[in-house]
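The block underneath contains the structure these notes are about, expressed in C-alpha cells.
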Amino acid sequence: MKVRFKDRQNFKNLEDYLVIGFGFDENNSPFYFIADDNFYIHRMFALEDSIIDDSLADYIRRDNLNGGREFYLENAINDLRKDLIDYDYINNPYYDHINNSYKNFKYFENKGYPISEEYERRILNEQAKLDRIEGFLMFANRYLLVNFGRASYSEGFEFFKGNSLDYLLEKKTEEPYNLPVIYYESELKEFIEKLLNEQEKQNYYADMLAGLIKAIFLRDITSVQRIKTFYYDCFVIEYENSFYSLCKYWTS
C-alpha cells in the first residue's frame with residue numbers, strides 16, 4: 001500500500017510513501033502509519049484520495065496490536081520489531097520515541113529511504129550519543145558518591161570506546177566470558193541495576209542509561225562479553241570493529 005502527497009510538510013524526498021501499518025479504529029474509520037522524511041512515523045486519517053496502491057499483499061494481519069480490531073503491519077517491520085505489543089510502540093513520543101527511532105533504523109535502511117540532514121544529526125551522530133552518555137554518568141556517579149559513598153570507598157560507572165581490549169585483558173583477574181548477543185539488552189540493564197540496587201528510582205535510571213547505550217548500535221552487534229579486573233567489571237560490546245565498554249569501578 002502506497003500514498004502520494006501533493007504538498008505536505010516533511011514529505012518531500014520521495015514520490016510515493018509506503019504505508020507501514022493500516023487499520024480501523026473503534027468507529028470503523030481507517031487510519032494509516034506513514035514515515036516522513038525524518039523517519040518519524042505518523043498516524044494519519046482520511047487519506048483515501050492519496051492512495052495510489054491499496055494492495056495488502058506485503059502485509060501481515062496483527063489485530064492484537066489494535067485492541068482486537070482489524071490491523072495490518074508491513075512484513076519487513078513486523079519481522080524487525082518483535083517487541084511490539086501495541087501499534088503505538090511503532091514510533092510514538094509517549095512510548096519511548098527516541099529508542100523506537102533507533103530500533104526502526106534498519107527498516108528504513110533496508111528500504112532505501114534517503115537520509116535527511118535532521119536524521120543524520122539526530123539519529124546517526126555517534127559523538128552526540130557518547131556525549132549524552134558521559135553527561136548522564138557525571139550525574140549518576142555524583143549521585144552514587146553523595147548518597148552511598150564512604151570516606152574510604154566509592155563505586156561508579158565509566159563508559160569508553162576503543163579499538164582494542166588489550167588494556168582490560170592485560171589486567172584481567174579471571175577469564176572473560178561471552179554472553180549471547182540475542183539477550184544483550186536484558187543483560188545490560190541487569191548489569192546496570194546491580195550497582196543501582198539501593199536507588200529509589202533504580203529501574204528508571206537503568207532504563208535511561210541502557211537506552212542511551214543501545215542507541216549506538218543501529219546495526220548488528222558482533223559480540224558481547226564480560227571482562228573483570230581488580231578495579232573493573234566491564235560489559236563490553238563489539239560493534240563495527242570497535243569495543244564499547246560500560247565498566248563498574250570501585251576505588252578506595
Side-chain angles (χ1 to χ4, degrees), residues 98-99 101-103 105-106 109-110 115 120-199 202-203 205-252:
I98 295 298
N99 282 316
S101 296
Y102 296 128
K103 289 176 181 177
F105 168 79
K106 285 196 291 186
E109 183 179 54
N110 292 338
I115 302 295
E120 180 79 35
R121 172 183 56 79
R122 182 171 56 92
I123 302 297
L124 304 185
N125 187 339
E126 183 179 274
Q127 187 56 54
K129 300 175 191 179
L130 295 174
D131 291 344
R132 285 194 288 269
I133 293 170
E134 181 179 356
F136 179 88
L137 292 185
M138 289 176 64
F139 152 76
N141 289 337
R142 179 63 180 171
Y143 183 89
L144 288 169
L145 178 62
V146 170
N147 289 278
F148 308 113
R150 298 187 293 272
S152 60
Y153 180 84
S154 64
E155 294 182 332
F157 285 114
E158 288 185 8
F159 185 84
F160 45 86
K161 173 186 177 182
N163 297 322
S164 164
L165 293 176
D166 289 348
Y167 174 78
L168 291 177
L169 294 176
E170 288 173 1
K171 305 290 185 180
K172 70 180 188 296
T173 54
E174 56 187 75
E175 286 303 312
Y177 60 94
N178 292 317
L179 300 171
V181 172
I182 191 172
Y183 299 125
Y184 101 90
E185 293 190 16
S186 59
E187 294 281 353
L188 175 63
K189 183 181 176 184
E190 182 179 345
F191 178 81
I192 296 168
E193 286 177 337
K194 284 183 178 178
L195 181 57
L196 302 179
N197 60 8
E198 296 183 68
Q199 286 201 51
Q202 168 193 348
N203 291 332
Y205 290 135
D207 281 337
M208 182 178 293
L209 179 54
L212 291 172
I213 293 171
K214 289 185 294 184
I216 294 173
F217 312 116
L218 299 177
R219 300 181 179 89
D220 292 337
I221 288 170
T222 304
S223 69
V224 180
Q225 58 182 309
R226 291 282 295 276
I227 301 176
K228 294 184 179 182
T229 71
F230 186 71
Y231 290 107
Y232 286 106
D233 180 2
C234 297
F235 191 101
V236 181
I237 299 171
E238 182 182 2
Y239 174 72
E240 296 193 339
N241 301 315
S242 294
F243 297 94
Y244 299 78
S245 302
L246 177 66
C247 297
K248 297 177 185 177
Y249 67 83
W250 70 271
T251 184
S252 59

Worksheet item: Taking the six-membered ring of Tyr102, is the NZ or CZ of Lys214 close enough (under 6.0 Å from the centre) and on axis enough (within 45°)?
Response: no
Practice prompt. Quick one: sort the Phe217 and Tyr244 rings into parallel, tilted or perpendicular, breaks at 30° and 60°.
Written response: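 Geometry flag for Tyr244 against Phe217: perpendicular rings.
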Fill in: Heavy-atom closest contact (Leu188 atom, Ile213 atom, distance)
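Smallest heavy-atom distance, with atoms named: CD2-CG2, 4.0 Å.
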Can you tell me how far [atom2] of [Y] sits from [atom1] of [X], rounded to the nearest 0.5 angstrom?
| X | Y | atom1 | atom2 | result |
| --- | --- | --- | --- | --- |
| Cys247 | Lys228 | SG | NZ | 12.5 Å |
| Leu209 | Ile133 | CG | CD1 | 7.0 Å |
| Ile227 | Lys171 | CD1 | NZ | 14.0 Å |
| Lys129 | Arg122 | NZ | CZ | 10.5 Å |
| Ile221 | Leu179 | CD1 | CG | 11.0 Å |
| Ile237 | Ser242 | CD1 | OG | 12.5 Å |

Discussion item. Please check if the number of heavy atoms outside Tyr183 that lie under 6.0 Å from its OH is greater than 12.
Written reply: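 It does not: Tyr183 OH has 12 such atoms or fewer within range.
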Worksheet item: Do you see a donor-acceptor pair shorter than 3.5 Å between the side chains of Glu238 and Ser223?
Response: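 Yes.
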Heavy-atom side-chain proximity of [X] to [Y] below 4.5 angstrom:
| X | Y | result |
| --- | --- | --- |
| Phe159 | Leu130 | yes |
| Gln225 | Leu165 | yes |
| Leu124 | Leu218 | yes |
| Arg226 | Phe235 | yes |
| Ile115 | Ile123 | no |
| Lys248 | Phe157 | yes |

Worksheet item: Is there a side chain to side chain contact (heavy atoms under 4.5 Å, CB included) between Tyr167 and Thr229 once you walk through the steps?
Response: CA-CA 10 Å; Tyr167 174 78; Thr229 71; over 6 Å; no
Item to complete: Test side chain to side chain contact (heavy atoms under 4.5 Å, CB included) on Leu246 and Ile192 and set out the steps.
Response: CA-CA 9 Å; Leu246 177 66; Ile192 296 168; 3.7 Å; yes
Item to complete: Before giving the answer on side chain to side chain contact (heavy atoms under 4.5 Å, CB included), spell out for Asn141 and Ser154 the whole-Å C-alpha distance, their side-chain angles and the decisive distance to 0.1 Å.
Response: CA-CA 9 Å; Asn141 289 337; Ser154 64; over 6 Å; no
